[in-house]
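Here is the structure we will look at, set down as structure tokens.
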Amino acid sequence: MFQQNTENFNQWVKKNFTIVSDKFEIVDLREKGQGRGLIACENIKKNEVLFELSRDKILNVKTASINLLREENKNILNSLNQWQSLIICVAYEWYIGDRSKFIHYFNVLPLTSNDYNSLMFWNDNELECLKPSGVLQRVGKNSAEEMYSLLVADIIPNRLKCQELADFLTLERFHIVASLIMSYSFDVDHFEGMEDDDEDDDEDSVDSDDDISNDNHEHEHEHEHEHEHEHEHEHEHEHEHEHESKNNDDDDEVDDIKEDNDDEQNPEEFEEIEDPISEDSYYKSMVPLADTLNSNTFLVNATLKYEKTKLVMIADKSIKKGEQIFNIYGELPNSEILRKYGFVELPSSKFEFADIFLSTIKLTFEKIFSSNFNFVKESQVEKFVEFLFETIQNSEYLEENLSLEMDYGIVVDKYEVYPEGEILPELLLLVLILTSIFKAAESDEKWFKKIIKSIERKPSLDLISFTNRTILKCHQLFEDNSAITTTTVKHIKEIVKNRINEYPKHIIDGSYKLPESYKNFNRQELSDIVLYDEITTLKNIDENFPPSEDKKGPLISVVDDEKFLKNLMKRKNEEQDSKSNKKQKKN
Ligand SMILES: C[S@@+](CC[C@H](N)C(=O)[O-])C[C@H]1O[C@@H](n2cnc3c(N)ncnc32)[C@H](O)[C@@H]1O
């Protein structure tokens with residue numbers, strides 16, 4: 001059946017595409033745990049066209065059969081967001097089965113839950129295996145189910161008047177369609193100046209439905225904030241207008257990445273979309289055959305380009321006979337590749353990172369304060385550290401002066417760190433401030449004793465003003481000189497060490513060995529690979545931070561603690577002197 005479906009699909013492709021090179025074949029890679037894939041059966045030159053199809057052969061809101069049901073459907077679908085409408089279009093095509101012009105394409109798509117390993121299909125026990133990876137916070141089961149209710153209880157039966165589709169779309173099928181789109185769809189840009197009859201239609205649209213968008217948006221906004229740091233590595237910049245799906249394999253600079261667009265097969269999270277399709281410059285689309293390419297962040301050798309009337313898959317490297325033709329689904333670490341696509345790369349992705357949680361930073365500083373000052377009680381340290389985080393979080397100075405790249409502040413739930421020693425500036429500045437307060441306490445224990453005693457009642461004005469002054473001075477040092485202090489580096493490494501210790505023992509202690517070759521891994525094995533890669537990233541931080549000049553990311557210089565402390569303490573001492581002078585005068 002598998003082979004027959006491949007063959008029927010092959011024939012369909014040959015009949016419907018404008019160009020199909022005979023230098024590759026669709027092959028069965030199930031033994032390697034890769035499903036179908038494309039293998040070169042002859043040498044292919046760089047820039048050779050592998051295949052080409054016109055825009056009407058892809059499946060999206062413009063070409064879907066559900067549009068033919070009722071005239072109004074087109075406008076209704078255009079008023080939804082990309083995820084909602086493509087889910088409906090794909091589900092309808094699936095529902096009509098043999099009557100769909102895409103039937104041979106559907107027969108090679110994964111349409112049972114067993115076909116998926118993406119995290120949406122893992123049960124709670126299986127997800128436990130991924131603890132303490134930050135990926136667990138990004139699974140998004142709840143928002144998927146909210147969308148499901150909205151589609152089957154309202155949009156499909158009431159607006160599209162298609163009760164039979166609402167009946168067909170069980171929760172299980174919904175998850176399959178959503179995951180299919182997550183792992184197979186492309187965001188296909190409109191071609192600039194492309195004639196788009198929908199746009200005229202949209203202007204007359206009476207169906208724009210604010211309720212739908214509002215319903216979904218509360219949590220979408222929350223999610224956006226939560227992901228704001230994630231986007232820097234996830235690179236889902238799907239709204240720019242280059243007429244090709246870029247691979248970004250040669251572009252690792254953090255700054256470039258932020259501005260860059262790599263809108264290849266790289267679906268956005270459906271929780272995050274808020275705009276109706278009519279306002280977007282692309283259509284989320286299913287692109288037959290382009291989605292048969294597997295992905296490899298190191299071996300990517302082909303790119304899908306979006307031209308005016310057609311889509312063209314081009315070899316962007318020479319490919320030797322027998323080699324697999326690979327796309328890249330995004331600049332993602334293994335944890336994200338697993339979450340969205342249900343596989344991992346060995347030994348790792350080219351774009352690994354790990355998350356450091358705020359809770360680990362708090363715990364580390366509590367330990368630092370309690371182990372260095374034997375006079376402080378546990379409850380006092382907790383209160384003190386909490387006070388510091390709150391003051392930093394609520395700092396008006398930081399709100400006004402932080403650079404744009406830190407627009408969510410420097411106290412956030414988690415911070416990404418990268419294997420080459422690159423650390424987000426938010427984390428660096430936060431640890432610099434906390435460390436400077438610690439150094440100040442160390443240099444004037446008498447003062448700190450007083451401060452820590454009073455913290456249980458109420459933070460003293462002295463403490464509040466010193467903390468605010470430290471925030472300002474640290475920010476200046478960091479912004480003006482790209483510098484942190486020696487002890488800040490030490491504390492960052494301590495945080496990283498504590499983060500590593502949160503991982504399961506068998507991964508930390510060296511007893512775990514990465515598998516050498518890819519196979520059909522079970523979920524425990526997939527989890528171990530993800531955790532191992534995160535630990536490796538964290539261990540690399542220990543070695544590579546601060547990054548040297550030849551490494552990527554902004555250069556950080558390290559200054560002597562004492563010098564910086566002198567500057568910081570000057571005013572505090574002056575203030576104390578003037579206070580005691582005043583006291584003496586009174587007496
Ligand atoms: C767009 S499809 C690619 C075609 C797919 N292999 C098929 O048989 O239909 C994406 C899915 O292919 C599989 N895949 C892609 N790249 C892979 C890789 N390097 N190793 C293992 N599986 C891969 C994953 O199951 C992923 O969710």
Side-chain angles (χ1 to χ4, degrees), residues 1-3 5-10 12-13 24-39 50-51 58-59 86 90 102 104-122 175-188 245 247 249 264-267 284-304 311 313 323-351 515-523 525-526 529-530 533:
M1 198 59 170
F2 186 92
Q3 211 49 45
N5 286 341
T6 308
E7 192 39 43
N8 292 344
F9 175 59
N10 219 346
W12 180 82
V13 163
F24 69 83
E25 284 172 343
I26 304 173
V27 292
D28 180 352
L29 299 172
R30 280 177 298 172
E31 273 204 357
K32 289 168 86 182
Q34 297 185 5
R36 292 179 178 83
L38 262 51
I39 301 276
L50 298 168
F51 53 86
I58 67 179
L59 169 55
L86 191 59
V90 169
F102 292 106
H104 291 304
Y105 171 47
F106 266 69
N107 284 342
V108 293
L109 293 177
L111 293 175
T112 71
S113 302
N114 290 341
D115 293 323
Y116 287 91
N117 253 331
S118 42
L119 295 190
M120 193 60 85
F121 291 93
W122 291 33
H175 278 310
I176 291 169
V177 175
S179 302
L180 175 71
I181 294 173
M182 170 113 82
S183 51
Y184 280 64
S185 71
F186 290 75
D187 288 345
V188 178
S245 67
N247 287 324
D249 52 338
E264 73 289 331
Q265 184 171 336
N266 186 7
K284 194 171 278 301
S285 309
M286 301 294 288
V287 186
L289 194 58
D291 63 9
T292 314
L293 269 74
N294 289 322
S295 169
N296 190 296
T297 55
F298 289 96
L299 302 176
V300 49
N301 50 19
T303 306
L304 186 66
L311 274 54
M313 185 66 80
E323 284 179 352
Q324 185 165 178
I325 306 176
F326 281 117
N327 196 348
I328 179 168
Y329 300 164
E331 294 185 348
L332 306 172
N334 261 343
S335 58
E336 285 297 289
I337 296 177
L338 180 61
R339 178 175 72 85
K340 297 171 111 180
Y341 304 99
F343 72 97
V344 292
E345 285 184 28
L346 281 176
S348 69
S349 156
K350 190 177 175 184
F351 305 100
E516 276 171 21
S517 59
Y518 207 84
K519 59 176 178 94
N520 284 299
F521 293 118
N522 66 35
R523 292 179 179 175
E525 289 168 327
L526 288 166
I529 296 167
V530 164
D533 286 335

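Note that the structure is a prediction, hence the values are computed from the model and not measured. Both counts, for ligands and for their atoms, begin at 1 and track the order of listing.
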Against heavy atoms of [X], which atoms of ligand 1 measure under 4.0 Å?
| X | answer |
| --- | --- |
| S183 | 1 (C), 10 (C), 27 (O) |
| Y341 | 24 (C), 25 (O), 26 (C), 27 (O) |
| D291 | 1 (C), 2 (S), 3 (C), 4 (C) |
| G33 | 21 (C), 22 (N) |
| G35 | 8 (O) |

Under a heavy-atom criterion of less than 4.0 Å, does [X] contact ligand 1?
| X | value |
| --- | --- |
| Y116 | no |
| N296 | no |
| G342 | no |
| G37 | no |
| L293 | yes |

| N10: side-chain contact (heavy atoms from CB on, under 4.5 Å) partners, not counting sequence neighbours | E7, K14, I26
| task | List in chain and number order the residues that pass side-chain hydrogen bond (donor to acceptor under 3.5 Å, both in side chains) with D115, two or more places apart in sequence or in another chain; answer none if no residue qualifies. | result | T112
| Side chain or backbone of T292 under 4.0 Å from ligand 1, or both, or neither, by non-hydrogen atoms? |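 Only the backbone of T292 comes within reach of ligand 1.
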| query | Quick one: does S183's side chain have a donor or acceptor within less than 3.5 Å of a partner on S179's backbone? | reply | yes
| Which class fits the ring pair W12 and F9: parallel under 30°, tilted 30 to 60°, perpendicular over 60°? | parallel
| request: For the pair Y329 and Y341, name the ring-plane relationship: parallel under 30°, tilted 30 to 60°, perpendicular over 60°. | output: tilted
| query | So which heavy atom on L29 is nearest to which on Q324, and how close? | reply | CD1-OE1, 3.5 Å
| field | Closest non-hydrogen atom pair between A302 and L50, with its separation | value |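 Result for this residue pair: CB-CD1, 4.0 Å.
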| request: Identify which of Q34, M286, E345, K32 has a heavy atom lying nearest to atom 21 (C) of ligand 1. | output: Q34
| Quick one: do E525 and K519 make a salt bridge, cutoff under 4.0 Å? |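 Counted as a salt bridge, because a side-chain N and a carboxylate O are separated by less than 4.0 Å.
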